[in-house]
Amino acid sequence: MYDKTSMRADDFINHEEITDTLAYADAHREDRVLIREIIEKAKERKGLDHREASVLLACEDKEIESELFHLAEEIKQDYYGNRIVLFAPLYLSNYCINGCLYCPYHGKNKNIRRVKLTQEQIREEVIALQDMGHKRLAIEAGEHPEMNPIEYILESIDTIYNIHHKNGSIRRINVNIAATTVENYRKLKEAEIGTYILFQETYHKQSYLSLHPTGPKHDYDYHTEAMDRAMEGGIDDVGLGVLYGLELYRYEFAGVLMHAEHLEAVHGVGPHTISVPRVKPADDIDPEEFNGGISDETFAKLCALIRIAVPYTGMIISTRESQKVREMVLPLGVSQISGGSRTSVGGYAEEERPEENSAQFDVSDRRTLDEVVNWLMRLGYIPSFCTACYRAGRVGDRFMELCKSMQILNCCHPNALLTLQEYLEDYASEDTRRIGRDMIQKELGVIPNEKVRKKTVDYLKAITNGERDFRF
């Protein structure tokens, strides 16, 4: 059996264990007795291990799949309710020395426009994002020790946190940068980041080495062990993810669950989020060149099973996916989406010129943030700009304790309503404002605690009168 408590990548992402798991899943994909036992366990809302979840993924019985989709929806509602947290990516620099075959930032690409934002340009980008209504960002940068050193990232974080424009301010910055040292993770912690996000891309080691032929990212072990170093450096919340389409999806699914199990076993806290991006077209990148592409239906099943297997984790769907696909998977466990996104460096403050493209990938959902907010409410979801947990210190094991006991909704529900009210007052179109006010009144009626409901009503009135940033 593999050793998920080991700090070595090959131990907690053990190739033999994954291949054995896939063989076991194939052998039992029609074992109705075992499948029923696994589903009954999943109904307890405590999650599944990678082998149990892989059996469900291998099962192709449509009646079982329908039951799994329904269960995923129930679990998502129990843990996170009907709220959807909104964020935007902010690309600081696309200078990169890696040779990743699936990313247009790779060092040999001479077509892409290379850009590194100055602090003043970052300010312009953030003001543009604040004018949309965003409160939460995920900053991104290519790996380049000279152009994008940790000092640049830290200076940029400080710049962003200190920009206050009209009623806007960025209250939380998540960071998606290359694997780094414990010392640098400590610096990021001191800079008060939210979640540290790093996609594994693929857990299949041989494929990983082939897909990353040059650059520091070629080091599979260093990359895969990054989350352990981040937690050693004091970062409470980390976000996992693979890039579906690079390798066989069942292998990646088992791998990401094993990584989650490892973090839980060693650090007592599993991943704060799991992202599920798929390879998309980009400058000099054709997804058809890779053999692991998956259908929308398979993608939906993956989302549902991640929610069932790791019920406490947030699940992120970006604007890589179309409105149609996002609408399909929202009920299956998604808790965070991006809105009004640009994947180019400087793309918020200036119109992107196609002949000078600096984007990492093509955006499929090109709607404005207001259109996304409006759409979510029409579907019955509360658009949330909440960052209260992080500023109140409910992170890491403190957050997980509330989440796993399904008590986090007592904080999240009223905070979602407060931040939605802020958005309606400051940024929304008239139609969005009308729908939002009706939604808030409706949702106030389902807050079970009378004291919390009264406090929420008082805060909502204060926001309407010009005050900001209340939180539970």
**Student:** Can you tell if the side chain of Leu154 reaches within under 4.5 Å of the side chain of Glu151, non-hydrogen atoms only?
**Tutor:** no
**Student:** Quick one about His262 and Asp228 (side-chain donor to acceptor, distance below 3.5 Å, no hydrogens or angles considered), yes or no?
**Tutor:** yes
**Student:** Return the minimal non-hydrogen interatomic distance between Val238 and Thr195, and the atom names on each side.
**Tutor:** C-CG2, 3.6 Å
**Student:** Checking Tyr152 side chain against Lys116 main chain: does a donor-acceptor pair fall under 3.5 Å?
**Tutor:** no
**Student:** If you take all heavy atoms of Cys303 and Ile317, which pair is closest and at what distance?
**Tutor:** SG-CD1, 4.2 Å
**Student:** For Lys217, does its backbone N or O pair with a side-chain atom of Asn98 as donor and acceptor, under 3.5 Å?
**Tutor:** yes
**Student:** Taking all atoms of both residues into account, what is the closest heavy-atom pair of Gly270 and Glu264, and its distance?
**Tutor:** N-OE1, 3.3 Å
**Student:** Going by the ring-ring contact (aromatic ring centres under 6.0 Å, His included) test, name the single residue among Tyr220, Tyr102, Tyr222 that passes it with His212.
**Tutor:** Tyr102
**Student:** Mark yes or no for whether Tyr24, through its side chain, and Glu52, through its backbone, hold a donor-acceptor pair below 3.5 Å.
**Tutor:** no
**Student:** Any non-hydrogen side-chain atom of Phe87 less than 4.5 Å from a side-chain atom of Asn174?
**Tutor:** no
**Student:** Backbone N or O of Gly339 within a donor-acceptor pair of the His134 side chain at under 3.5 Å?
**Tutor:** yes
**Student:** Quick one about Gln130 and Ser169 (side-chain donor to acceptor, distance below 3.5 Å, no hydrogens or angles considered), yes or no?
**Tutor:** no
**Student:** Taking it one step at a time, do Glu422 and Phe470 satisfy side-chain contact (heavy atoms from CB on, under 4.5 Å)?
**Tutor:** CA-CA 10 Å; Glu422 285 185 302; Phe470 294 102; over 6 Å; no
**Student:** Using a 4.5 Å cut-off on heavy atoms from C-beta on, say whether the side chain of Asp131 contacts that of Ile127.
**Tutor:** yes
**Student:** Looking only at atom types and distance, does a side-chain atom of Glu261 sit under 3.5 Å from a main-chain N or O of His50, one as donor and one as acceptor?
**Tutor:** yes
**Student:** Could you tell me which non-hydrogen atom of Thr419 sits nearest to which non-hydrogen atom of Cys386, and how far apart they are?
**Tutor:** OG1-N, 3.5 Å
**Student:** Look at the side chain of Ser335 and the backbone N and O of Met315, then say whether any donor-acceptor pair between them is shorter than 3.5 Å.
**Tutor:** yes
**Student:** Heavy-atom distance under 4.5 Å between the side chains of Leu424 and Thr432, does that happen here?
**Tutor:** yes
**Student:** Return the CZ to OH distance between Arg307 and Tyr312, rounded to the nearest 0.5 Å.
**Tutor:** 10.5 Å
**Student:** Only one of His15, His223, His218 forms a ring-ring contact (aromatic ring centres under 6.0 Å, His included) with Tyr208, so which one is it?
**Tutor:** His223
**Student:** Can a donor-acceptor pair be found, under 3.5 Å and without considering hydrogens, that links the side chain of Asn94 to the backbone of Tyr105?
**Tutor:** no
**Student:** Answer with yes or no whether the side chains of Thr21 and Glu17 bring together a donor and an acceptor at under 3.5 Å.
**Tutor:** yes
**Student:** Given side-chain contact (heavy atoms from CB on, under 4.5 Å), test Phe299 with Val325 step by step and report yes or no.
**Tutor:** CA-CA 9 Å; Phe299 182 64; Val325 171; 3.9 Å; yes
**Student:** Check the pair Leu243 / Arg320 against side-chain contact (heavy atoms from CB on, under 4.5 Å), numbers first and verdict last.
**Tutor:** CA-CA 11 Å; Leu243 187 54; Arg320 285 176 182 263; 3.9 Å; yes
**Student:** Stepwise, does the salt bridge (Lys or Arg N to Asp or Glu O under 4.0 Å) test hold for Arg51 with Asp20?
**Tutor:** CA-CA 9 Å; Arg51 187 163 287 212; Asp20 286 350; 5.0 Å; no
**Student:** Quick one, Glu327 and Leu379 - any side-chain contact, counting heavy atoms below 4.5 Å?
**Tutor:** yes
**Student:** Please round to the nearest 0.5 Å and tell me the distance separating atom OH of Tyr348 and atom CG of Leu129.
**Tutor:** 5.0 Å
**Student:** Considering all heavy atoms of both residues, which atom of Ala179 and which atom of Ala226 are nearest to each other, and what is their separation?
**Tutor:** CB-CB, 3.7 Å
**Student:** Taking the inter-plane angle between the rings of Tyr203 and His259 on a 0 to 90° scale, is it parallel (under 30°), tilted (30 to 60°) or perpendicular (over 60°)?
**Tutor:** perpendicular
**Student:** Could you verify whether a donor N or O on one side chain and an acceptor N or O on the other, from Thr319 and Asp365, lie under 3.5 Å apart?
**Tutor:** no
**Student:** When you measure from the side chain of Glu321 to the backbone N and O of Arg326, does any donor-acceptor pair fall under 3.5 Å?
**Tutor:** no
**Student:** Between Pro89 and Asn176, is any pair of side-chain heavy atoms under 4.5 Å apart?
**Tutor:** no
**Student:** Atom CD1 in Ile153, atom CG in Asn148: separation rounded to 0.5 Å?
**Tutor:** 6.0 Å
**Student:** Answer whether the closest heavy-atom distance between the side chains of Asp296 and Arg278 falls below 4.5 Å.
**Tutor:** yes
**Student:** Got a second to check how far Lys4's NZ is from Leu263's CG, nearest 0.5 Å?
**Tutor:** 11.5 Å
**Student:** Going through the checks in order, is the side-chain contact (heavy atoms from CB on, under 4.5 Å) test met by Val276 and Leu302?
**Tutor:** CA-CA 9 Å; Val276 286; Leu302 279 168; 5.9 Å; no
**Student:** Between the side chain of Arg433 and the main-chain N/O of Ala428, is any donor-acceptor distance below 3.5 Å?
**Tutor:** yes
**Student:** Ignoring hydrogens and geometry beyond distance, is a side-chain donor-acceptor pair present between His267 and Asp397 at under 3.5 Å?
**Tutor:** no
**Student:** Would you name the heavy atoms of Val329 and Ala300 that are closest together and state the gap between them?
**Tutor:** CG1-CA, 3.9 Å
**Student:** Could you walk me through whether Thr180 and Arg229 pass the side chain to side chain donor-acceptor pair (under 3.5 Å) test, one step at a time?
**Tutor:** CA-CA 8 Å; Thr180 187; Arg229 294 194 302 277; over 6 Å; no
**Student:** Just so I know, are the side chains of Phe399 and Asp236 near enough to count as touching, which here means a heavy-atom distance under 4.5 Å?
**Tutor:** no
**Student:** Pairing donors with acceptors under 3.5 angstrom, does anything connect the side chains of Gln421 and Glu425?
**Tutor:** yes
**Student:** Measure the spacing between CG of Asp11 and OH of Tyr2 and express it to the nearest 0.5 Å.
**Tutor:** 11.0 Å
**Student:** So how far is it from Tyr95 OH to Ile112 CD1, rounded to the nearest 0.5 Å?
**Tutor:** 11.0 Å
**Student:** Looking at Arg123 and Thr159, would you say the former's side chain and the latter's main chain have a donor-acceptor pair under 3.5 Å?
**Tutor:** no
